[in-house]
Amino acid sequence: SGSRAPVHKEGIIHRDVTPDNIYITGDGHVKLLDFGAARYSLGNKSHSLDVVLKAGYAPKEQYTRKGKQGPYTDVYSVAACFYASITGYLPPESVERMEEDDLIPITTRGSDLCPPALEDVILKGLEVQPADRYQTMGEFLSAMEQALARCEPTPGPEPQSGPTQGPVSGPEPQSGPTQGPASGPEP
């Protein structure tokens, strides 16, 4: 995500940030791929743009040809990637959330985030109205970094010195079918 701010400084919005277009290199650098949907940000100018979107990742302004788009458009998509990665569910389509926002918070989905402020950052990035979102990727990343900085690992018990007891053994693994599907329908 850190590579997004320089692209926005050049006036380009990606408009197709999805997990399919995010590549993490062996040394941990994040690369954004497929700029086929990218367009120069037009600010307040009204101009017809191709409608390019992927359900769950696209903010409302991408659903119309004349929707004003900017860095906040990509903020929504990046926040949707985080939401989907953490919960295992896509957010509902943004246009379906316009009258009644039925986005289920991350912690309600059963994911314990540390700190809760991180959830707030992601949910603000997923606001339906562009004015309610972070306006730039820099603002979004700064808020993410601040939330993560508050997530200090709690020190665990001191390791005991001396000989180890050997491997821990448990019940023998059982073969055969498991009970129930690995993942069920969305609640």
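Here the structure is a predicted model, which is why all the values come from computation and not from measurement. Quick note: numbers below take in every heavy atom, side chains included, and nothing from hydrogens, waters or symmetry partners.
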Residue set satisfying salt bridge (Lys or Arg N to Asp or Glu O under 4.0 Å) with Asp101, at least two apart, ordered chain then number -> Arg97
Nearest heavy-atom approach of Glu93 to Ala55 is OE2-CB, 3.4 Å
Discussion item. I'd like to know if the side chain of Ser94 and the backbone of Ala58 have a donor-acceptor N/O pair within less than 3.5 Å.
Written reply: yes
Heavy atoms of Ala84 and Tyr57 approach each other most closely as CB-OH, 3.9 Å
Taken in chain and number order and not counting sequence neighbours, the residues that satisfy salt bridge (Lys or Arg N to Asp or Glu O under 4.0 Å) with Glu127 are none
### Query
Is a donor on one side and an acceptor on the other found under 3.5 Å between the side chain of Thr73 and the backbone of Gln69?
no
Do the side chains of Thr107 and Pro116 get nearer than 4.5 Å, heavy atoms only? no
NZ (Lys124) and CD (Glu119) are apart, to the nearest 0.5 Å, by 15.0 Å
Looking only at heavy atoms, the pair that brings Ser77 and Pro59 closest together is OG-CD, 4.0 Å
One should read off an interatomic distance between Leu103 CG and Leu126 CG, to the nearest 0.5 angstrom, of 6.0 Å
Between Ala80 and Pro91, the two heavy atoms sitting closest are CB-CG, 3.9 Å
Closest heavy-atom pair, Tyr134 versus Tyr72, reported as atoms and distance to 0.1 Å, is O-CB, 3.5 Å
Distance col, row Ile106:CD1 vs Leu118:CG, nearest 0.5 angstrom, shows 7.0 Å
Exercise. Quick check: does any side chain N or O of Glu139 sit under 3.5 Å from a backbone N or O of Gln135, one acting as donor and the other as acceptor?
Worked result: yes
message: Quick check: do Tyr83 and Ile104 have side-chain heavy atoms less than 4.5 Å from each other?
response: yes
So CE of Met98 and OH of Tyr63: to nearest 0.5 Å the spacing works out to 10.5 Å
Given the ring of Tyr76, does Arg133 sit roughly above its face, with NZ or CZ under 6.0 Å from the centre of the six-membered ring and within 45° of the axis? no
All heavy atoms of Val121 vs all of Met144, minimum pair found to be CG1-SD, 3.4 Å
